[in-house]
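See below for the structure under consideration.
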Amino acid sequence: QVQLEESGGGLVQAGGSLSLSCAASGGTFSSYAMGWFRQAPGKEREFVCAISWIGGSPYYADSLKGRFTISRDSSKNTAYLQMKNLKPEDTAVYYCAAVDFYSDSDWTNAVDAWGQGTLVTVSS
């Protein structure tokens, strides 16, 4: 049993930056990877990025590569999402997730546990 808690969401103007954190509790994080997903009203939850826990290899959705950066501090059971040059279309609830295995097609199906989510609103 692992619990995930996101923090850092809020309101930011277009072009600005924001950093999110995801802390895992309930013991040492032991899943294959920790990932970030997002969901806007009326849309499907989509994959943003993930990072393997042992090797620290990052994976990004092609559309977000270059603006978002994922990192982790395994000693703190914490992953981070650095977002820059934010756009109004980035507005969504951002979810942290424990990921069981690498997915070449659909990371959502590899999720074992979800955080509650944190709202990011980008104004124009």
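Atoms considered below: every heavy atom in the structure, side chains included; atoms not considered: hydrogens, waters and symmetry mates. All values derive from a computational prediction rather than experimental measurement.
- A pairwise comparison of heavy atoms in Tyr80 and Ser21 identifies CD2-OG, 3.4 Å as the closest pair.
- Atom-to-atom distance recorded for Leu11:CG and Ser123:OG is 5.0 Å, nearest 0.5 angstrom.
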Step-by-step side-chain contact (heavy atoms from CB on, under 4.5 Å) determination, Leu18 to Leu86: CA-CA 8 Å; Leu18 200 64; Leu86 285 162; 3.9 Å; yes
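- Heavy-atom neighbours of Gln39 CD from other residues, nucleotides or ligands within 6.0 Å: above the threshold of 12.
- Linking Ile, Leu, Val, Met, Phe, Trp and Tyr whenever their side-chain heavy atoms come within less than 4.5 Å puts Phe68 and Leu20 in one cluster.
- Contact check on Asp90 versus Lys87 returns no salt bridge, with no Lys/Arg side-chain nitrogen under 4.0 Å from an Asp/Glu carboxylate oxygen.
- Considering every non-hydrogen atom in both Ser31 and Asp100, the closest pair reads OG-OD1, 4.3 Å.
- In terms of heavy atoms, Arg72 sits closest to Gly56 at NH2-N, 3.3 Å.
- Among all heavy-atom pairs drawn from Trp36 and Cys22, the shortest one is CZ2-CB, 3.6 Å.
- Rounded to the nearest 0.5 angstrom, Ser124 OG and Glu89 CD are separated by 10.0 Å.
- Put simply, CG on Leu64 and CD1 on Ile70 are 11.5 Å apart, with the number rounded to the nearest 0.5 Å.
- Other residues, nucleotides and ligands contribute at most 12 non-hydrogen atoms within 6.0 Å of the CD atom of Gln13.
- Judged purely by atom type and a 3.5 angstrom limit, Ser19 has no side-chain atom pairing as donor or acceptor with the backbone of Gln82.
- Between the side chain of Arg45 and the backbone N or O of Arg38 there is no donor-acceptor pair closer than 3.5 Å.
- At least one donor-acceptor pair closer than 3.5 Å links the side chain of Thr118 to the backbone N or O of Gly9.
- Shown here for Cys96 and Glu6, the closest heavy-atom pair between the two residues is N-OE2, 2.7 Å.
- Remark: side-chain polar atoms of Ser74 are not paired, donor with acceptor, to backbone N or O of Asn77 under 3.5 angstrom.
- Within the 3.5 Å criterion, the main-chain N or O of Asp106 finds no donor-acceptor partner in the side chain of Thr108.
- Residues Tyr102 and Asp104 have side chains that bring a donor and an acceptor to within less than 3.5 angstrom of each other.
- Once rounded to the nearest 0.5 Å, the distance linking OH of Tyr32 with CG of Asp112 reads 15.0 Å.
- Shown are Trp107, Tyr94, Phe47; of these, the ring pair (Phe, Tyr, Trp, His ring centres under 6.0 Å) with Phe37 is made only by Phe47.
- Minimum interatomic distance between Val2 and Phe29 (heavy atoms only, all atoms of both residues): CG2-CD1, 4.4 Å.
- Taken to the nearest 0.5 Å, the CD1 atom of Ile51 stands 7.0 Å off from the OH atom of Tyr60.
- With hydrophobic clusters built from ILVMFWY side chains whose heavy atoms lie under 4.5 angstrom apart, Tyr59 shares a cluster with Trp114.
- With values rounded to the nearest 0.5 angstrom, Ser7 atom OG is found 13.5 Å from Gln116 atom CD.
- Under a hydrophobic clustering in which Ile, Leu, Val, Met, Phe, Trp and Tyr are joined whenever their side-chain heavy atoms come within less than 4.5 Å, directly or via other members, Val122 and Tyr95 fall into different clusters.
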